[in-house]
Amino acid sequence: MSKRTLAILAAIGATTIYGLNHTIAKGVMPHHVGAFGFIFLRVSGAAILFWIISIFGPKERIEKRDWGRLLLCALFGMVINMLAFFKGLELSTPINSSVLVTITPIIVTVLSVFLIAEKVTRVKVLGIGMGLAGALALIFMSEGEQVNAPNIPLGNALFIVNATSYGLYLILAKKLIEKYHPFTLMKWLFTLAFVINFPITVTQFLEINWMEIPPAGLGAIAFVIIGTTFLTYLFNVFALTELKASTVSAFVYAQPVIGILFALMMGKDRLSLLTFGATLLVLMGVYLVSKRPKAGLSAES
């Protein structure tokens, strides 16, 4: 099997794990583990695993001038976005989360316009409008609550915070990714994230009653730590060694499909007409934003 084929399988694996995570993580929140307690487990577990695997990577030192950017990356990539996502998942539904997290490419495009003066085409402007319309429909037109989803509009709004924060992380991390080995970056990013998250998350972590969590719940926690956090980073890193970033990012389209089908199959959510329509708007918006302009067309066309 060629390395390219393995890279494609790795990208599919990462997307599949993300799609399953919406339902699996929701299954233990908030009855067994609070959203912030889950982040304590996720960040500390990933930090330990990345320090262990970094033994097999190059021995690099972070330059003094890069620590500020590294701190911001940890803040946006492993603190704000994770806290917002898991709190949103606690308040909303797996289907809403699997749809709204895919707007990250739209958020990145909007932020790039303001932060680095990137030009956008009319097609991208249309994509931004469609994606945001779908997202806003889910926030303001969804039901107020469902079973195990006490505040769906607020939860959906937190998914937007999650996508925005992660978009900032992607922009800020670009220079660091080009400079340092992924193992070096991940071990320090998750270490900084653990320190920042500690005072926010430790209380809910200490409230966990491990004896009351059934084996399925413990398996779900292990899945989030090892699968959703650790393995997805490894899979994406490997995929990027053989595939273009645009190719890897294209797999984002599969995540809501996997997430919705798995949630429906497990009986953990239901697909309303509003959610279906909003999903189509978001996916079409992401497609248009991610679409490359044809050769010979100017940036303004």
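Residues Phe76 and Asn81 fail the side-chain proximity criterion, which asks for heavy atoms closer than 4.5 Å. Between Ile225 and Ile221, the closest side-chain pair of non-hydrogen atoms falls below 4.5 Å. Two residues are said to be in side-chain contact when any heavy atoms from C-beta on lie closer than 4.5 Å; Phe235 and Phe230 fail this criterion. Two residues are said to be in side-chain contact when any heavy atoms from C-beta on lie closer than 4.5 Å; Leu218 and Trp210 meet this criterion. Considering only heavy atoms from C-beta on, Leu72 stays 4.5 Å or farther from Leu168 through its side chain. In this structure, the side chains of Asn162 and Leu83 stay at 4.5 Å or more apart for every pair of heavy atoms. Val79 places none of its side-chain heavy atoms less than 4.5 Å from the side chain of Val43. Under the 4.5 Å side-chain criterion, counting only non-hydrogen atoms from C-beta, Ile80 is in contact with Val161.
Annotation: Phe159 is in aromatic contact with Phe85 [ring centroid separation under 6.0 Å]. Aromatic rings of Phe194 and Phe198 (six-membered ring for Trp) have centroids within the 6.0 Å cut-off, being under it. Here the two rings, on Phe50 and Phe183, have centers that are 6.0 Å apart or farther.
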*So Thr93 and Ile152, side-chain contact (heavy atoms from CB on, under 4.5 Å) or not? Walk me through it.*
CA-CA 7 Å; Thr93 68; Ile152 294 175; 4.1 Å; yes

*Show your reasoning for whether side-chain contact (heavy atoms from CB on, under 4.5 Å) applies to Lys179 and Glu63.*
CA-CA 10 Å; Lys179 190 173 183 179; Glu63 292 184 15; 3.1 Å; yes

*Show your reasoning for whether side-chain contact (heavy atoms from CB on, under 4.5 Å) applies to Leu189 and Tyr169.*
CA-CA 11 Å; Leu189 283 172; Tyr169 161 74; 4.0 Å; yes

*Would you sort out whether Ile53 and Leu234 count as a side-chain contact (heavy atoms from CB on, under 4.5 Å), showing the intermediate values?*
CA-CA 10 Å; Ile53 200 172; Leu234 285 183; 3.8 Å; yes

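Hydrophobic clustering keeps Val195 apart from Ile48 (ILVMFWY residues linked when any side-chain heavy atoms are closer than 4.5 Å, directly or through intermediates). Using a 4.5 Å cut-off between side-chain heavy atoms of Ile, Leu, Val, Met, Phe, Trp and Tyr, with links allowed through other members, Tyr18 and Ile258 fall into different hydrophobic clusters. Following chains of ILVMFWY side-chain contacts shorter than 4.5 Å, one can reach Phe86 starting from Phe262, so the two form part of one hydrophobic cluster. Using a 4.5 Å cut-off between side-chain heavy atoms of Ile, Leu, Val, Met, Phe, Trp and Tyr, with links allowed through other members, Phe190 and Ile52 fall into different hydrophobic clusters.
Here CG of Leu172 is found 11.0 Å from CG of Leu70. Values are rounded to the nearest 0.5 Å. Interatomic distance, CZ of Phe38 versus CZ of Phe205, reported as 12.5 Å (0.5 Å rounding). Atom CD1 of Ile55 and atom NZ of Lys187 lie 9.0 Å apart (nearest 0.5 Å). Note that the CG atom of Leu231 and the CG atom of Leu49 stand 8.5 Å from one another [nearest 0.5 Å]. Atom SG of Cys73 and atom CD1 of Ile177 lie 8.0 Å apart (nearest 0.5 Å). Taking CG of Leu176 as the reference point, atom CD1 of Ile62 lies at 7.5 Å (rounded to 0.5 Å).
Residue Ala14 comes nearest to Thr232 through the heavy atom pair O-CG2, 3.9 Å, listed as atom of the first residue, atom of the second, then distance. Across all non-hydrogen atoms, the minimal contact from Ser97 to Leu89 is OG-CD1, 3.6 Å. Summarising the geometry of Thr191 relative to Ala47, their closest heavy-atom pair is N-CB, 4.3 Å, with the distance given to 0.1 Å. Contact record, Thr23 with Gly259: OG1-O, 4.3 Å, taken as the closest heavy-atom pair. Pairing each heavy atom of His32 with each of Glu212, the nearest pair is CE1-O, 3.7 Å.
For Lys64, the NZ atom is loosely surrounded, since the number of other residues' heavy atoms within 6.0 Å does not exceed 12. Shown here is Lys175, whose NZ atom has no more than 12 heavy atoms of other residues, nucleotides or ligands within 6.0 Å.
Of the possible polar contacts, none joining the Ser92 side chain to the Gly88 backbone as a donor-acceptor pair under 3.5 Å is found. Without hydrogens or angle criteria, Gln204 side chain to Phe36 main chain gives a donor-acceptor distance under 3.5 Å. Here the side chain of Ser44 pairs a donor or acceptor atom with the backbone of Phe40 at under 3.5 angstrom. Here the side chain of Ser54 pairs no donor or acceptor atom with the backbone of Gly57 at under 3.5 angstrom.
Ion pairing between a basic and an acidic side chain is recognised when a charged N comes within 4.0 Å of a carboxylate O; Glu90 and Lys26 show no such pairing.
Between the side chains of Asn21 and Thr228, a donor-acceptor pair is found at a separation under 3.5 Å.
Take Tyr180 and apply the ring-ring contact (aromatic ring centres under 6.0 Å, His included) test, not counting sequence neighbours, and it matches no residue.
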